[in-house]
Amino acid sequence: MVARGEIARFWSLESLHMVSSDGGTESSALVDDNGSEEDYSYEDICQANPRYLQPGGEQLAINELISDGSVVCAEALWDHVTMDDQELGFKAGDVIQVLEASNKDWWWGRSEDKEAWFPASFVRLRVNQEELSENSSSTQGEEQEEDAGKNRHRHLESKHQMRTNVIQEIMNTERVYIKHLKDICEGYIRQCRKHTGMFTVAQLATIFGNIEDIYKFQRKFLKDLEKQYNKEEPHLSEIGSCFLQHQEGFAIYSEYCNNHPGACAELSRLMKQGRYRHFFEACRLLQQMIDIAIDGFLLTPVQKICKYPLQLAELLKYTTQEHSDYNNIKAAYEAMKNVACLINERKRRLESIDKIARWQVSIVGWEGLDILERSSELIHSGELTQVSRHGKSQQRTFFLFDHQLVSCKKDLLRRDVLYYRGRTDMDEVRLVDLEDGRDKDWNLSVKNAFKLVSKTTDEVHLFCAKKQEDKARWLQACGDERRRVREDREMGMEISENQKKLAMLNAQKAGHGKSKGYSACPVALPHQSLHPLHQRHVTVPTSVPQQQVFALAEPKRKPSLFWHTFNKLTPFKK
């Protein structure tokens, strides 16, 4: 915590009050498009569920449940890949039994007969921790038939209560989330813009991304959600249509998640200077925000988009097929899963275009448009023999990207140098598999061959692989290329022109064109640690790449005496 005396040195509290042009104090609440305020005070929200919403309240509630002998389960938001025996590995969606939550950052839990530590920020507690057995009422009904009706009634009431719990969690967490977004926009961004000597426009765009657009979108979403919320009988609420109505709008999170690593890096750089640490702490205190560092607040949108599929999956579990909202909830669950997949895929593609740009810069004599003008993913590469109609053959190295196939020639002396020789538009050709023997069209003897035939002209490209298995891989890759292009179109997968230009500019600046290094597949970047600043006290491995966008929140492992010290303070449960 930064001392108030240090903050006072930075500026006086009075100088931070927002004054409008007419001299009046500006309202602290942002107004939505309809001119009404959609904000909730944090105190009002906490009254609905005080144990779980106050800072540290969730941890307190877990410990109370565990001490009472209850089974506490959590669901993983992200993959947690670990090579440390003292840490628990799991995949997104896995269920972990929480056995101890005395430390706010690392909990002790069990998954698949293994007990170990895991980061608390990687999981979401299940709302309904204890469920009735599905067969309990029928078993008792066989033993005592007259009680069967009562048991079924109690079971139905329990189902209603469980659905009520999930609905209320969705509503409460949405309101708290809106409060966090408001605090970021008013508590941080508005103040940063006033201090032009400290922050440039580009810096603010890097740190906060499009979070103001997310705030605007989420207020509209919550407003529609509130209309569908049945306060008297929450289990009858029909909120599925809200998710379906706004499903395209959730794609806005893709830009934010892609920007988040850069935001962490820029914040980490600024936080090395005391005046920035004091500034952000002053903003937090003056906005009366909860005791979370700015990087923790900026992580909430990444966490939020991960929670929706899990919340809807749990809601679907307690929504009977006879419920009027069942079909919408089911569709909403699939839609939000697709949103998360789309965000993950866009992040992967952004990483991919950097590698592709570096690859293009390494090619000698490149002609025509940049590869990124049409492509964003390398699907397959390898050597093939290209045969002309007259039987002339040329050994070439081919790179199959989405939408195009690029041909290169190896240098005779330096085999690691490639020269550009041309490309084929995969959108304009069809694949023809050839049997071994004599090709009737060209009257040539071929083996392990296939053709790419133009759909509009008489142009034909004939290729021969060295082995049958090589040919099979190319045929499979060509099929994959068409499938991915189709899926990209259906998902609305697009990489912005600015991102493409930036990737090419960075590749050119890096000077890869001078080294002319070659690899049949662009070399992957070293895994970067994109850890939030408030999780520096303990770390996890960085040697295993994460495949989920959710890994944006993953801490970084660094040498420390943490486990040695932790063993002394809290004995491991065996």
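Counting from 1, the numbers follow the sequence of the chain as shown.
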Residues that E112 engages under side chain to side chain contact (heavy atoms under 4.5 Å, CB included), provided they are two or more places apart: none

Does R483 have any salt bridge (charged side-chain N to carboxylate O under 4.0 Å, His left out) partners at least two apart in sequence or in another chain, and if so, which? D480, E487

Test salt bridge (charged side-chain N to carboxylate O under 4.0 Å, His left out) applied to K304 - qualifying residues, sequence neighbours left out: E174

Does NZ or CZ of R175 lie under 6.0 Å from the centre of the six-membered ring of Y229, at an angle within 45° of the ring axis? yes

The side chain to side chain contact (heavy atoms under 4.5 Å, CB included) partners of L236 (sequence neighbours excluded) come to N230, E233

Listed once per pair and sorted, the salt bridge (Lys or Arg N to Asp or Glu O under 4.0 Å) pairs that draw on residues 244-266, sequence neighbours left out: E266-R269

Could you check if a side-chain atom of K182 sits within less than 4.5 angstrom of a side-chain atom of R219, using non-hydrogen atoms only? no

Run the salt bridge (charged side-chain N to carboxylate O under 4.0 Å, His left out) test against E322 and tell me which residues pass, sequence neighbours left out. none

Taking all non-hydrogen atoms of both residues, which atom of L298 and which atom of L267 are closest, and how far apart? CD1-CD1, 3.6 Å

Run the ring-ring contact (aromatic ring centres under 6.0 Å, His included) test against F221 and tell me which residues pass, sequence neighbours left out. F243, H246, F250

Mind checking side chain to side chain contact (heavy atoms under 4.5 Å, CB included) for C478 and listing every partner two or more places apart, or none if nothing turns up? L400, M426, L431

Check K500 with E497, please: is the shortest side-chain N to carboxylate O separation under 4.0 Å? yes

So, do Y318 and Q161 sit near enough that their side-chain heavy atoms are less than 4.5 Å apart? no

Check side chain to side chain contact (heavy atoms under 4.5 Å, CB included) between S375 and all other residues, then give those that pass, not counting sequence neighbours. I371, F401, D402, H403, Q404

Keeping the roles fixed (side chain from R163, backbone from S237), state whether a donor-acceptor pair exists under 3.5 Å. yes

Results of side chain to side chain donor-acceptor pair (under 3.5 Å) for Y253 - residues two or more places apart only: Y177, Q218

D183 bridged to K179 by N-O distance under 4.0 Å: yes

Under 3.5 Å donor-acceptor pairs involving side-chain atoms of residues 329-336, not counting sequence neighbours:
none

Closer than 3.5 angstrom, by distance alone: can the side chain of R284 be matched with the main-chain N or O of M289 as a donor-acceptor pair? yes

Output all residues satisfying salt bridge (charged side-chain N to carboxylate O under 4.0 Å, His left out) with R124, sequence neighbours left out; order by chain, then residue number. E75, E169, E314

